[in-house]
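Only one structure is covered here, and it is reproduced in the block below.
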Number of protein chains: 2
Amino acid sequence: MTSAPKLSDQLCFAAYSFTHALNRAYRPLLEPLGLTYPQYLVMLVLWEDDGQTVKEIGDRLKLDSGTLTPLLKRLEAGGYVTRRRGREDERQVIVRLSDEGRALSEKAAQVPVELGCAMGAGLGEIAELRERLTALRDRLGEAGCAVGEPEASQG
Amino acid sequence: MTSAPKLSDQLCFAAYSFTHALNRAYRPLLEPLGLTYPQYLVMLVLWEDDGQTVKEIGDRLKLDSGTLTPLLKRLEAGGYVTRRRGREDERQVIVRLSDEGRALSEKAAQVPVELGCAMGAGLGEIAELRERLTALRDRLGEAGCAVGEPEASQG
DNA sequence: CCCATATTAATTGCGCGCAATTCAATTTCG
DNA sequence: CGAAATTGAATTGCGCGCAATTAATATGGG
């Protein structure tokens with residue numbers, strides 16, 4: 001048996017390469033804004049709710065401080081956010097939009113439009129895909145399985 | 001207008017966080033094999049067709065030499081592959097499995113089974129998702145759109 | 001044959017992602 | 001109250017991904 005490629009692997013590679021393609025598609029749209037895609041995600045989170053802690057941002061984006069701390073420092077260096085220790089709890093660092101960071105949302109409004117257009121997918125398909133991927137992601141986050149029955153594999 | 005999150009952004013984040021979740025799910029399965037997920041992908045490609053050039057591997061995985069060269073050197077250091085300049089065309093580097101690398105496919109056979117199980121998705125759902133993601137990825141790789149009509153956006 | 005152009009890998013530099021560790025602040029509990 | 005446990009962020013180290021550059025080899029036209 002030549003170890004044929006398994007379908008679950010193929011799905012994983014599809015997701016992997018789709019994500020890279022997304023990144024490449026976002027790059028030229030975000031570069032004029034001075035943002036990378038992960039930085040754009042942080043800005044989306046802050047545009048929705050300003051003044052969140054590093055922990056809260058990390059919970060939303062599923063990222064930890066090892067990723068966020070240097071990223072936020074770059075956003076701060078770019079003048080889009082401020083980082084200040086909380087008064088109540090000095091362990092926390094509260095991230096706030098600067099005026100420039102708030103203003104950036106205007107320029108960024110076109111990004112998802114162009115992206116959705118580049119994908120050329122209908123509203124329904126996008127919504128369905130999003131739900132399935134999110135559901136699978138959350139299931140992956142759980143315990144896993146006891147490797148009992150070989151299931152959902154086979155190319 | 002508070003710049004509500006757009007659906008296309010949500011799909012992109014779903015794909016982004018799904019891919020990270022996949023990576024986390026693969027890690028404990030691949031760590032005993034001494035592989036990272038991208039290294040595993042290269043091994044899958046080589047198990048399917050041994051003796052490919054860096055270019056060919058890159059075409060299949062959509063990766064360039066900047067990513068592959070150091071990765072392949074690590075696989076070589078780990079004893080799984082050899083890298084040798086081609087005799088016909090000395091620009092090319094041909095990557096071949098070592099005996100150990102070939103033997104690894106046996107141990108790796110269980111990986112997609114466990115992964116598919118952890119996702120807990122049916123064969124049909126997996127196949128459909130894979131097709132859609134691949135189609136979207138390929139569409140993203142193309143020209144894009146003329147930003148005419150706002151379409152496929154809106155949260 | 002020779003030179004301009006192409007192609008192929010390797011290299012450099014930067015920004016993630018994440019595990020592991022460290023440190024300070026806070027909470028819990030004896 | 002005070003020691004231990006917990007929490008939040010920062011730091012370190014490593015492996016991608018990719019743009020940009022470089023170097024070596026191959027190819028095609030004059």
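The sequence lines fix the lettering, A, B, ..., with proteins before strands; numbering per chain opens at 1.
One can place CD1 of B:Ile94 at 15 Å from P of D:dT25, the figure rounded to the nearest angstrom. The NZ atom of A:Lys73 sits 6 Å away from the P atom of D:dA10 (whole-angstrom rounding). As rounded to whole Å, 14 Å separates atom P of D:dT11 from atom CG of A:Leu68. Following rounding to the nearest Å, A:Arg91 (CZ) and D:dG8 (P) show an atom-to-atom distance of 6 Å.
With both pairing distances under 3.5 Å, C:dA6 is matched to nothing as a Watson-Crick or G-U wobble pair. For D:dA3, the paired base is C:dT28 (Watson-Crick or G-U wobble, both distances below 3.5 Å).
B:Glu88 comes within 4.0 angstrom of sugar-phosphate atoms only, judged by non-hydrogen atoms across all strands, and of no base. In this structure, B:Leu63 reaches the sugar-phosphate backbone alone: every heavy-atom distance under 4.0 Å involves primed, P, OP1 or OP2 atoms, never a base. Heavy atoms of B:Thr36 sit under 4.0 angstrom from primed sugar atoms or phosphate atoms, though from no base atom.
Ring-plane geometry between B:His20 and B:Tyr16 is classed as perpendicular, the angle between the planes exceeding 60 degrees on a 0 to 90 degree scale with a lower cut at 30. Using cut-offs of 30° and 60° for the angle between ring planes, the A:Tyr26 and A:Tyr40 rings count as tilted.
Nearer the 5' end of DNA chain D, as judged by each residue's closest nucleotide, is the contact made by A:His20, out of B:Gly86 and A:His20. Both B:Pro70 and A:Leu71 sit near DNA chain C, but only B:Pro70 has its closest nucleotide nearer the 5' end. Projected onto DNA chain C by closest heavy-atom contact, A:Thr67 and B:Gln92 fall at different nucleotides, the more 5' of which corresponds to B:Gln92. Comparing A:Tyr16 and A:Thr53, the nucleotide of DNA chain D nearest to each residue sits closer to the 5' end for A:Thr53.
At a threshold of 4.5 Å between non-hydrogen side-chain atoms, the residues B:Leu140 and A:Arg24 do not count as touching. Looking only at side-chain heavy atoms (C-beta outward), A:Val42 and A:Leu35 stay at 4.5 Å or farther from each other.
Taking syn as a glycosidic angle within 90° of 0, C:dA24 does not qualify and is anti.
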Residues A:Glu76, A:Arg83; criterion salt bridge (charged side-chain N to carboxylate O under 4.0 Å, His left out); working and verdict: CA-CA 7 Å; A:Glu76 186 179 38; A:Arg83 296 159 60 244; 3.0 Å; yes
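Formation of a donor-acceptor pair under 3.5 Å by the A:Thr19 side chain with backbone atoms of B:Thr19 is not found in this model.
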Show the atom names and distances, to 0.1 Å, of all donor-acceptor pairs under 3.5 Å that link a side chain in residues 118-129 of chain A to residues at least two apart or in another chain.
residue	atom	partner	partner atom	Å
A:Glu128	OE1	B:Arg132	NH1	3.4
A:Glu128	OE2	A:Arg132	NE	3.4
A:Glu128	OE2	A:Arg132	NH2	2.9

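The phosphate of D:dT25 has neither OP1 nor OP2 within less than 4.0 Å of any side-chain N or O from B:Arg85.
Put simply, chain B comes within 4.0 Å of DNA chain C, heavy atom to any atom, from C:dT7 to C:dC18, going 5' to 3'.
Interface remark: the A:Thr69 side chain does not form any donor-acceptor pair with the D:dA9 base, using a distance-only criterion of under 3.5 Å.
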